[in-house]
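Everything numeric in this text was worked out from a predicted model, so none of it was measured. Every chain is numbered from 1 and lettered A, B, ... according to where its sequence line falls, protein lines coming before strand lines.
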Number of protein chains: 2
Amino acid sequence: MSLKFQLLNSTGQTRKQEIIKTAAKLFKEKGYSAVTMRDLAKAVNIRAASLYNHIDSKQDILKSIIISLAEEFTNGMETIKNSDVSIIDKLRAIVSLHVNITIHNTYGMASLNNDWMHLEDQLEYYLSLRKNYEEDFVEIIKSGIETKEIRDSNPEIIMFSILTTLRSLYLWLPKKDDLNRQELAKNLGDVLINGINHQSTTA
Amino acid sequence: MSLKFQLLNSTGQTRKQEIIKTAAKLFKEKGYSAVTMRDLAKAVNIRAASLYNHIDSKQDILKSIIISLAEEFTNGMETIKNSDVSIIDKLRAIVSLHVNITIHNTYGMASLNNDWMHLEDQLEYYLSLRKNYEEDFVEIIKSGIETKEIRDSNPEIIMFSILTTLRSLYLWLPKKDDLNRQELAKNLGDVLINGINHQSTTA
DNA sequence: GTCTATATCCCGATAGAC
DNA sequence: GTCTATCGGGATATAGAC
């Protein structure tokens, strides 16, 4: 195996990385299907044909964006699942996981949420990762209900409510760049976990 | 103005209504841009050219789906805003508004959430309706914090958390058709408003 | 109101010069 | 590694027969 040296551009990325990041930004704005290779080429200041010296296909770009993110979530959940902390702290760790990943890859989160159905070869793999993630999440909530750390409501509704909020963070985080990630994770955790009703009781 | 009589098909819809409803279903599965007029024609068992006897353009279909829904939400919010009930009851009414609209037009909600950016002439109008809706929502939360009905957290985070959950209902409601709408609205309201932490206090 | 045929344009991707 | 030129196909939409 030979060492490879890559010329990096002014932002410290290889051309391939630049193309993928730019594609993610365009996919966020219009969705995978509405972005053409000519759009993407214009955004990185080359001709469409030249893109193919760096990537195999449009589909190849989508795969790179989505699969790496889905695996980041899977790995994060695995760590949280096996950690020795309270259920409430596990939920706070899940909130932080989403906040951190969304901060460092805001554009990619849009594709993960909205364009996964355009995956071809990797569709089944993606769906299995997502299914496992949701199952792990709902198990954490169920065990919290058993230990009475969590109010006894429908576990799927609780999971859905928290997860859809976390999945939508990418839409909203760019407007709130005055909040740093610790502050945001704490605020969001308070709202999602402790609720908003000032009069609510623990009964 | 002359009276018009329309032949209705076996499901009691005009052909135009059937086309729009079928389009909404396809848009939910793949997004507006990835659905072709040939796909839509096949789904309603005619040829693509024949669609144009009922609708002006593909864009015309998207406009019909999104604008009517956005106006339903605007009207619902207007009623809630002016009603003389507690803030918590206003929030519960917003939850019910979303549950009811999502139940009767699940497919359309996907376009409202994901395909609004493909609106052409009506884009600005849609954006103004959405902006007003969110402003009304956050005002309700702020007044609830003032009256101490709502815990003193960041109002935008509270609004975002509740609204993204409600906007994502269309993804999840079809899997939960065992719950009727009153049950669902109550469960969801409990989780969103009272939170999930069994140990949380009102301090 | 549905059909066939077609106009016009744009898509993803490749070939090959430089 | 980027370019020009182009292939083959599929997109929305129209024209006009029935």
Task: side-chain N/O A/R47 vs D/dT4 OP1/OP2, d < 4.0 Å - done: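 So the side-chain polar atoms of A/R47 do come within 4.0 Å of the phosphate oxygens OP1 or OP2 of D/dT4, strictly under.
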Open item on the list: Is there a side-chain contact between A/S50 and the phosphate of D/dC3, meaning an N or O under 4.0 Å from OP1 or OP2?
Closed with: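 True: A/S50 side-chain N/O within range (under 4.0 Å) of D/dC3 OP1/OP2.
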Qualifying residues under side-chain contact (heavy atoms from CB on, under 4.5 Å), relative to [X], sequence neighbours excluded:
X	answer
B/A43	B/T22, B/L26
A/T147	A/I87, A/E149
B/D152	B/I145
B/N132	B/E135

Task: Heavy-atom neighbours of A/Y126 OH exceed 12 at 6.0 Å - done: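 Counting other residues, nucleotides and ligands, OH of A/Y126 exceeds 12 neighbours.
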TODO: Write out all pairs satisfying salt bridge (charged side-chain N to carboxylate O under 4.0 Å, His left out) with one or both partners inside residues 80-109 of chain A, taking only residues at least two apart or from two chains.
DONE: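 As it turns out, the salt bridge (charged side-chain N to carboxylate O under 4.0 Å, His left out) pairs with a partner in residues 80-109 of chain A, which skip direct neighbours, are A/E78-A/K81, A/K81-A/D136, A/R92-A/D190.
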Open item on the list: If the condition is salt bridge (Lys or Arg N to Asp or Glu O under 4.0 Å), which residues does B/E72 pass it with, not counting sequence neighbours?
Closed with: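 Scan of B/E72 (salt bridge (Lys or Arg N to Asp or Glu O under 4.0 Å), adjacent residues dropped) gives none.
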Could you give the [atom1]-to-[atom2] distance, from [X] to [N], as a whole number of Å?
X	N	atom1	atom2	result
A/L51	C/dC11	CG	P	13 Å
A/H54	C/dA13	NE2	P	15 Å
A/L40	C/dG12	CG	P	10 Å

Task: Sequence-aligned protein contact record of nucleotides 13-18 of chain D, with B where the base is within under 4.0 Å of a protein heavy atom and S where only the sugar-phosphate is - done: BBB---
Task: Selection residues 172-192 of chain A - residue pairs positive for ring pair (Phe, Tyr, Trp, His ring centres under 6.0 Å), sequence neighbours left out - done: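 Residue pairs with at least one partner in residues 172-192 of chain A: A/W172-B/F160.
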TODO: Name all pairs fulfilling the ring pair (Phe, Tyr, Trp, His ring centres under 6.0 Å) condition that reach into residues 70-90 of chain A, sequence neighbours left out, sorted by first residue then second.
DONE: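 Applying ring pair (Phe, Tyr, Trp, His ring centres under 6.0 Å) to every pair that reaches into residues 70-90 of chain A, excluding sequence neighbours, yields A/F73-A/H98, A/F73-A/Y133.
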- [ ] Check DNA chain C against residues 115-124 of chain A and give the residues with a non-hydrogen atom under 4.0 Å, in numerical order.
- [x]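 Correct list: empty, so none.
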- [ ] Go through residues 27-36 of chain A and report each residue with a non-hydrogen atom lying under 4.0 Å from DNA chain C, sorted by number.
- [x]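 Of all residues in residues 27-36 of chain A, the ones placing a heavy atom under 4.0 Å from DNA chain C are A/V35, A/T36.
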Open item on the list: Could you measure the distance from the CE atom of B/M109 to the CG atom of B/L69? Nearest 0.5 Å is fine.
Closed with: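 With rounding to 0.5 Å, CE (B/M109) is 6.0 Å from CG (B/L69).
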Open item on the list: Holding to side chain to side chain donor-acceptor pair (under 3.5 Å), I want the full list of residues that pass it with B/Y52, two or more places apart in sequence or in another chain.
Closed with: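 Not a single residue meets the side chain to side chain donor-acceptor pair (under 3.5 Å) criterion with B/Y52.
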